[in-house]
Amino acid sequence: MNKIDLSGFKAAMGQYLRYVRGKKIEDASQKDLFNAVSSVVRMLLIDITMETEDRYTKADAKRMHYLSIEFLPGRLLSNNLLNLGIEKECRDILKTMNIDLDDLLNEEHDPALGNGGLGRLAACYLDSLATLDMPGFGYGINYDYGLFKQTIMAGEQRENPDFWPNRSSPWLLARSDVRCMVPVYGRIQGTEDREGEYNPMWVDWKLILGRVHDIPIAGFGGRTVNRLRLFSAWASEDFDMQVFNEGDYFRAVEEKIQFESISKILYPSDSMAAGRELRLVQEYFLVACSVQDIIRIYLKDHEGFDQFPDKVAIQLNDTHPALTVAELMRVLVDVHGLEWDPAWKITTKTLGYTNHTLLPEALETWPVSILKRVIPRHLQIIYEINRRFIELVKQRFPNNTRLVKSMSIIREGGEQRILMANLAIIGSHSVNGVARIHSELVKNNLVPDFYRLWPERFNNKTNGVTPRRWILSANPGLSGLITEAIGDGWISDLDQLKRLEPLVHDSVFLERFAQVKRANKIDLAEIIGETTYVEVDPDSIFDIHAKRIHEYKRQFLNVLNIVHTYLKIKEDKQIPGAPRTFIFAGKAAPGYVNAKLTIRLIHGVADVINNDPEVSPWIRVVFIPDYRVSLAEALIPGADVSEQISCAGMEASGTGNMKFAMNGALTVGTLDGATVEIAERVGLENLYIFGLKVDEIAAMRKHYNPRDYIENNPDLMRVMNVIRSDLFCKKDPGIFKRLHDAVVDFGDYYFNMADFSAYVETQNQVVTDYCNKKQWAERSILNTARTGYFSSDRAIREYADDIWKIKPFP
Ligand code: 26W
């Protein structure tokens with residue numbers, strides 16, 4: 001750990017308050033104090049950023065640029081203090097001023113520039129890159145409005161705007177020295193150049209400016225600070241003048257507003273491609289700004305593009321930035337005058353693509369007509385890429401029209417569409433999935449023909465999460481205990497958690513481990529009380545299902561077991577072996593009817609159960625509103641049971657599953673995503689695997705009839721009948737029929753009925769096992785001890801070695 005000198009800390013805070021806020025320290029609000037502390041920390045970060053940058057430049061380091069339409073960094077003050085190694089000292093300094101650091105931490109807005117897994121993964125990866133002293137930088141959009149804030153009114157989700165104070169956040173550095181110019185719209189003029197060669201020109205385009213803000217990303221240990229570069233759209237003054245001079249004042253203002261709306265708001269769906277022009281323009285805006293910035297940085301120290309792939313790697317976080325393939329080609333060929341072939345070689349050597357989803361409705365396709373209007377030159381380039389690619393396919397596999405059709409970037413039949421995944425695969429040297437089982441499905445189910453063509457391109461990078469935020473910062477009780485037992489090496493080398501294993505035989509350690517969990521549950525119970533007005537017992541089993549609400553994640557199946565347990569108590573007078581609290585959290589996409597209904601169902605069920613004196617001593621149900629990074633940090637350390645019950649084959653990886661296990665929760669899960677690998681590592685005796693497997697589901701899909709399961713299982717029949725009845729919706733009769741029918745009449749696409757009995761059995765086993773407190777604690781410790789593999793440091797090392805070829809520069 002680098003030692004940072006904090007002797008001037010107090011004085012710097014005072015100066016900030018006085019000369020930036022115009023306040024005396026005694027008049028400062030908590031928010032002022034948060035800003036003061038943050039602005040001092042920011043100065044430290046800037047010093048290290050510059051030092052880091054010098055180090056990279058001097059070494060002429062290869063740099064990796066991570067392009068992502070979403071980043072979910074979470075609050076940064078606490079994280080920065082911990083990573084710089086000054087948390088304790090800073091806390092002590094503030095104490096001498098009668099300020100409690102924890103109060104200030106809560107003043108920070110939790111930036112919601114992402115939907116869920118994909119954006120949070122990007123943030124964990126930036127943390128690891130900096131911690132490993134690797135030159136890796138994030139590129140994203142500086143939305144004005146992040147993901148909506150969720151409130152609950154009468155059991156229903158309401159969406160409220162989340163204004164992200166991107167102009168006043170202490171973590172955003174405005175880089176007015178850097179600007180990106182993004183051409184958009186216009187048309188192609190086919191002309192011949194002086195040599196008489198066909199030389200199409202993109203003319204009559206409009207210009208959007210990209211303004212640049214950087215968020216410093218501090219690695220653990222305080223040696224390296226990288227940056228996350230965010231772009232916002234802006235119509236320049238010069239541009240205004242030009243249009244104003246044409247005399248149409250209102251058109252000028254309208255256009256300005258239209259352009260500046262590009263970075264206004266994050267699209268709130270992580271499972272359904274939007275298909276709106278504004279979204280495509282967002283994606284293009286991110287890509288164009290990023291490519292320009294990357295090339296600008298490269299050209300500072302290099303001449304020509306021969307070295308480009310040796311000095312630059314670009315990773316596409318899903319297909320949202322897939323236009324990079326066309327934009328890089330455009331800039332190399334049209335702007336820098338390279339020939340097609342060398343430009344293509346450079347492009348494919350530079351790019352890598354990560355797939356994060358197999359859901360057909362989430363795979364992006366764009367109508368050719370929209371591209372033609374928005375980015376006509378890119379469309380032309382995509383056609384040319386495709387023409388050459390199809391040539392190659394025909395050479396390799398003569399007379400195989402099926403192959404040509406399946407791999408073409410353009411889908412014919414009806415409206416012509418661009419398949420973004422195909423574009424990304426053809427334009428990259430590496431294609432990876434995010435968990436072993438998912439990568440296999442990418443190769444064998446999603447794009448088997450590409451796999452046959454280029455097997456060497458495909459690889460797996462199982463996701464990871466940063467232990468700095470998800471253990472050290474979120475769970476100080478557990479961190480302290482671990483460090484006492486094995487030293488603090490685990491924080492940057494998570495495999496060291498293995499050394500906790502022998503301590504399962506140490507009764508003192510066991511007892512203290514259980515105490516930490518209990519203390520975390522007491523804290524969580526308090527949050528639950530404040531946010532849901534339901535009192536819950538910290539000695540009950542805390543069973544947590546926290547993630548986006550989606551049919552494939554099967555919150556519905558969880559509810560079925562709860563209703564079943566309720567009916568067992570109510571009608572069969574069977575009392576469970578231990579009290580349980582079922583905790584839900586998660587947002588539904590605003591247009592996703594069944595997801596929103598599921599939230600209502602959870603509330604309806606909670607209402608009946610929590611208010612029934614016969615039942616509520618045994619089970620309670622709560623839905624904590626507004627799931628976000630800071631809530632996850634409070635939730636995860638307090639979990640006994642982690643619900644990872646997606647329909648097998650649908651969850652690419654999951655990352656919450658890793659965070660829960662590391663913090664000692666036992667997983668109830670299907671063999672899906674990274675849960676497969678968690679099971680392998682913690683051992684089958686330390687979690688609960690149930691349900692149909694991927695191949696079983698594939699085999700059953702054609703003939704599956706959910707009614708067979710209902711008719712043959714009186715428990716399930718009873719539960720489904722109650723769901724359809726108005727017991728849980730007395731005020732709005734009939735509303736849950738749609739959820740019932742999705743399963744009974746519309747095929748139960750996610751196999752809830754088929755997995756019901758196995759799930760119920762498993763849940764009963766959990767209750768039985770929990771009663772053996774000692775054994776539960778042992779298994780909980782083994783979950784922590786054996787999940788070091790799921791550190792994002794391991795994942796980033798694999799990406800660095802196999803795909804990016806970047807090295808640490810400590
Ligand atoms: C175009 C609409 C849209 C937006 C976002 C489609 C798909 C997405 C994301 C790719 C969805 C997402 O967040 N996927 C999640 O990525 C995580 C990180 O790899 C995985 O752990 C999750 O399993 C996966 O659902």
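For ligands, and for the atoms within them, numbers begin at 1 and follow the listed sequence. Bear in mind the structure is a predicted one, so any value in this text is a computation, not a measurement.
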ask   = When you look at Tyr759 and Phe690, which way does the ring-ring contact (aromatic ring centres under 6.0 Å, His included) test go after all the steps?
value = CA-CA 6 Å; Tyr759 183 55; Phe690 76 97; 5.1 Å; yes

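When non-hydrogen atoms are compared, ligand 1 lies under 4.0 Å from the side chain of His320 (C-beta onward) but not from its backbone. Contacts between Ser269 and ligand 1, counted as non-hydrogen atom pairs separated by less than 4.0 Å, involve the backbone only.
Near Ala362, with a cut-off below 4.0 Å to any heavy atom, the atoms of ligand 1 are 6 (C). Annotation for ligand 1: atoms under 4.0 Å from non-hydrogen atoms of Ala652 are 23 (O). Near Met272, the atoms of ligand 1 lying under 4.0 angstrom from a non-hydrogen atom of the residue are 2 (C). Those atoms of ligand 1 that come under 4.0 Å of a heavy atom in Tyr552, given as number and element, are 25 (O).
Taking the six-membered ring for Trp and thresholds of 30 and 60 degrees, Tyr750 and His550 have ring planes more than 60 degrees apart, a perpendicular arrangement. Between Phe259 and Tyr185, the ring planes lie parallel to each other; the angle is under 30°, not in the 30° to 60° tilted range. Tyr125 and Tyr66 have perpendicular rings, their planes meeting at more than 60° on a 0 to 90° scale where under 30° would count as parallel.
Other residues, nucleotides and ligands contribute more than 12 heavy atoms inside 6.0 Å of the NZ atom of Lys149. Counting non-hydrogen atoms of other residues, nucleotides and ligands closer than 6.0 Å to CE of Met700 gives a total above 12. Atom CZ of Arg701 has more than 12 neighbouring heavy atoms from other residues, nucleotides or ligands inside a 6.0 Å radius.
In this structure, atom 1 (C) of ligand 1 lies nearest to the protein heavy atom Ala273 CA, 3.6 Å. Atom 11 (C) of ligand 1 has Asp270 O, 3.4 Å as its closest protein atom, hydrogens excluded (heavy atom only). If you check which protein heavy atom lies closest to atom 12 (C) of ligand 1, you get Leu118 CB, 3.9 Å. For atom 22 (C) of ligand 1, the nearest protein heavy atom (residue, atom name, distance) is Glu651 OE1, 3.4 Å.
In summary, the side chains of Tyr592 and Gln157 do not present any donor paired with an acceptor at a separation below 3.5 Å, with no hydrogens or angles considered. No side-chain N or O of Asn317 forms a donor-acceptor pair with one of Thr354 less than 3.5 Å apart. Side-chain contact check for Asn657 and Thr675: at least one donor-acceptor pair (N or O, by modelled atom type) lies under 3.5 Å.
At least one N or O atom of His356 sits closer than 3.5 Å to an N or O atom of ligand 1. Between Asn463 and ligand 1, at least one pair of N/O atoms sits closer than 3.5 Å. Of the N or O atoms in Lys553, none lie within a sub-3.5 Å distance of an N or O in ligand 1. For ligand 1, none of its N or O atoms has an N or O atom of Ser271 under 3.5 Å away.
Ranked by closest heavy atom to atom 10 (C) of ligand 1, the top entry among Asn115, Asp318, Leu363, Leu72 is Asp318.
For the pair Arg436 (side chain) and Thr462 (backbone), a donor-acceptor distance under 3.5 Å is absent.
Under a 4.0 Å heavy-atom criterion, Gly673 is not in contact with ligand 1. Heavy atoms of Gly654 come nearer than 4.0 angstrom to ligand 1 in at least one pair. The shortest separation from a heavy atom of Arg120 to ligand 1 is not under 4.0 Å, leaving the residue out of contact.
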